[in-house]
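Small disclaimer: the values here were computed from a predicted structure and weren't measured. Just the heavy atoms: all of them, side chains too, but no hydrogens, waters or symmetry mates, feed the values below. Per chain, numbering begins at 1; letters A, B, ... match sequence-line order.
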Amino acid sequence: MLFNSYIFLFAFLPIVLLGWWMMRGDMPRLLFLTFASYVFYGWWDWRFVPLMIASTTVDYLAGARIAIATEERTRRRWLAASLSFNLLILGFFKYFGFFASTIDGALELAGSRALFPVLNIVLPVGISFYTFNSMSYTIDVYRRIVTPAKSLLHFSAFVAMFPHLVAGPIVRYSDLDHQLSALKRRLTDSDRVLGAYFFVVGLAKKVLIADRLALVVAGFFGSPDQSGAMHAWIGVLAYTFQLYFDFSGYSEMAVGLAYMLGFQFPQNFNSPYKAINISDFWRRWHISLSTWLRDYLFIPLGGSRGGTLRTARNLAITMILGGLWHGANWTFIVWGLYHGVLLASHQLLRGRGWTPGSRSVNRALTFGFVVVGWVFFRASTIGEAARILGLMAGTNGLGTPVSGSSVAIVTVAALISFLAPNPWERTVRPTARLALGLGTAAAACILLLDRPAPFLYFQF
Amino acid sequence: VRFLGLLAAAAMTFLLFAGLFNFVINPAGVFAPSVVPPLLWNPRGDKLALLSAVPEPPQLLVLGSSRVMKLAPRELQRKTGLVAFNGGVSSAAIEDDVAMLQYAVKSRQLPLKMVIIGVEPESFASSQPSNWWMWPPEVIHLLPFRVRAVALFSRYQKLFSASYLRLSLDQLYAVWTGPLPSPARRLDADGLVHWLDREADMAHGNRGFDERLAAHVRDFGNPYAADSTFSDERWREFEALLMQTRASGIRTIVFMTPMLPQLVARLPRGYAAWHAEVARRVHAAAARHGAAFRDFTNPASFGGSIEDFYDGVHYGDDNAARLAHALIRAPSDALQ
């Protein structure tokens, strides 16, 4: 079910909110929320609901075992069992096809027969998000950062909670533990206003901006080879902003929905295109993923404690795996490696004081590097990415002029990204002006709902 | 609470205003008041109006998409002796054929003796967009059960959609600046279409063959490019339709509508194989349910001329006449 669909807005959400706030008792309420979240998930394909339930149950049991075990070896075994189970699921559904075709391709080149059968495996929506949610729980229980969930129901509600289920933010159990244990009995005025505010702002970012940019993106990436530099630049810039407005819009809708249910989710985007260096960018973009990778991968690898080379290696490994998390394709691996190299280079240059002094230059350079990275992120193959970068460099000349409407929507998106405060930076006061503004924006979004477009991050 | 009330009131006011504006302007002519002539052609509504007004009740009904709308009822009548009506509507999927047949049989109680159904892969594709909202409410309840609620919802949802609002504004602008653009097509009383724009285009040699093919792929590329998968529901409804005509003693001919190889060559790889698979399945279904099957995909199969195609799938009068001749070829096809 999409947040930007009639069924969600006019049936699912009102029913869930009514049920959630009218029900009494924590257990029935959590049961209701979990069931509703399974309906939300199963609306897309009910066959994958049992998979999520299995993953939830295994991690809950592993968490409980880790918590009661006294021997380190036993604790470690249960952690390994939980991580293996999650990685096995993720590996099979998300990466089997990729690795099988890569190995088969290599064998074919060597003149051997293919080793793996061709399986058309359907990728369950949101699997990368909920397995990461779930894995962070067992790791945190192992590290004694969180106490194990009170019950399987508490844990199921945490994993399945529909606002973050399919495209994040990657909420950790430590973020929600105390909130699930002390459910709010009534919706506060503040939650009501913040819920409506974040939800409508997120919806507007998606429907009014990202979906308009999508037309420009499709126009270019559909058949890039005939384009000149102008079309290539506008197409890639449109994608740069589409990805931001689409994904941050989703995250803010999720935050708004959480407020409507009386929960608080962490911030996932903090004006990333205002970043003044690549490290700063990763502190602002998909914050829940970058902090996850930092805490569960980069730091365990040694972080930046072992000198420049070791830090560079750790960054490269972390970012390659971060790239691979997005999808099973060489383009994501290259994108991750590219960011790993950028991060390592930035550390090196900053250490020697070789970074530019001007804030504007730093911002422009960072943005430029990020835009180049998105070409790999969006392209289907490395070859296509290289061709697009070539087009941007002018291999086909300047080409025909770009339509005014394309330039206009990209400019609007750029101005908002570079200059406007993000929704978290504003002080939200429940004024009549804000209500009228949000109401008008919501109506404009509803008018555009007849062709709902899925969120870009659903594919990950 | 006051904040949310104000927010909801603002949203409702905005939406109601848009809905009222769309209802009054009515750019597709699907709602009752037509203050100004509709800008968007609605063949579904027009065909129903014509079918309701025919002087002699048709005994032969043609069903299908815009690719059958050139089949001349007069030509078919000459061949079969049956009063014919062309009930094809543009962008039709199987459920549109179902709706038209049910309307003819149940609502109009026409004494049908023959039905000719033109199909193409897009008739069965799950990606084929639906235009159910263009049917009047009295036909919506004749659509297959699975789509009735959605059809009714989407009809009124159009009032609150940006795409319809844009049409309304375009229509208002056209009326304001006047004169209204001349219609691009016209229907005869028997449902035969005249593609005025396409005919003028061909007659004046405005665009070459390649240019017209390219324009067709550009304008209609999406349905072809989309993930070509069968809709199981549409397939079941097609079989149910064949069973119904057989049970009612209506002679049925199913044919694959023409598609130029030059167009197929421009479509995504795999389309030709998918087309062949659809033809094979349709043939088998027709045989199972006692219907005749003709594969007219290739114009050579009915003696058609490539010169008489507006684009890769829409043909002119000469080809339509040849197609009608080839359709009614066996003595059993001429019922009288």
Rounded distance (nearest 0.5 Å) linking atom CZ of B:Phe160 with atom OH of A:Tyr6:
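Rounded to the nearest 0.5 Å, the CZ-OH separation comes to 9.5 Å.
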Got more than 12 heavy atoms from elsewhere within 6.0 Å of [atom1], [X]?
X: B:Arg166; atom1: CZ; value: no
X: A:Trp424; atom1: CH2; value: yes
X: B:Phe17; atom1: CZ; value: no
X: B:Glu138; atom1: CD; value: yes
X: B:Gln262; atom1: CD; value: yes

Of all of A:Leu187, A:Thr440, A:Leu436, A:Val193, which one pairs up most often with chain B through heavy atoms under 4.5 Å apart?
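So the answer, after comparing A:Leu187, A:Thr440, A:Leu436, A:Val193, is A:Val193.
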With only heavy atoms counted, which part of B:Ala8 is less than 4.5 Å from chain A, the side chain, the backbone, both or neither?
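Neither part; nothing is under 4.5 Å.
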Heavy-atom contact with chain A under 4.5 Å, split by part of B:Tyr164
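Neither part, no heavy atoms under 4.5 Å.
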Using a 4.5 Å cut-off on heavy atoms from C-beta on, say whether the side chain of B:Phe3 contacts that of A:Asp189.
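Answer no - side chains too far apart.
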For A:Ile446 and B:Phe14, what are the C-alpha separation, side-chain angles and deciding distance, and is it a side-chain contact (heavy atoms from CB on, under 4.5 Å)?
CA-CA 10 Å; A:Ile446 290 168; B:Phe14 191 108; over 6 Å; no
For A:Trp44, all residues meeting ring pair (Phe, Tyr, Trp, His ring centres under 6.0 Å), sequence neighbours excluded:
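Here the qualifying residues are A:Phe48.
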How far apart are the closest heavy atoms of B:Ala10 and A:Gly439, and which atoms are they?
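Distance-wise, the nearest heavy atoms are CB-CA, 4.0 Å.
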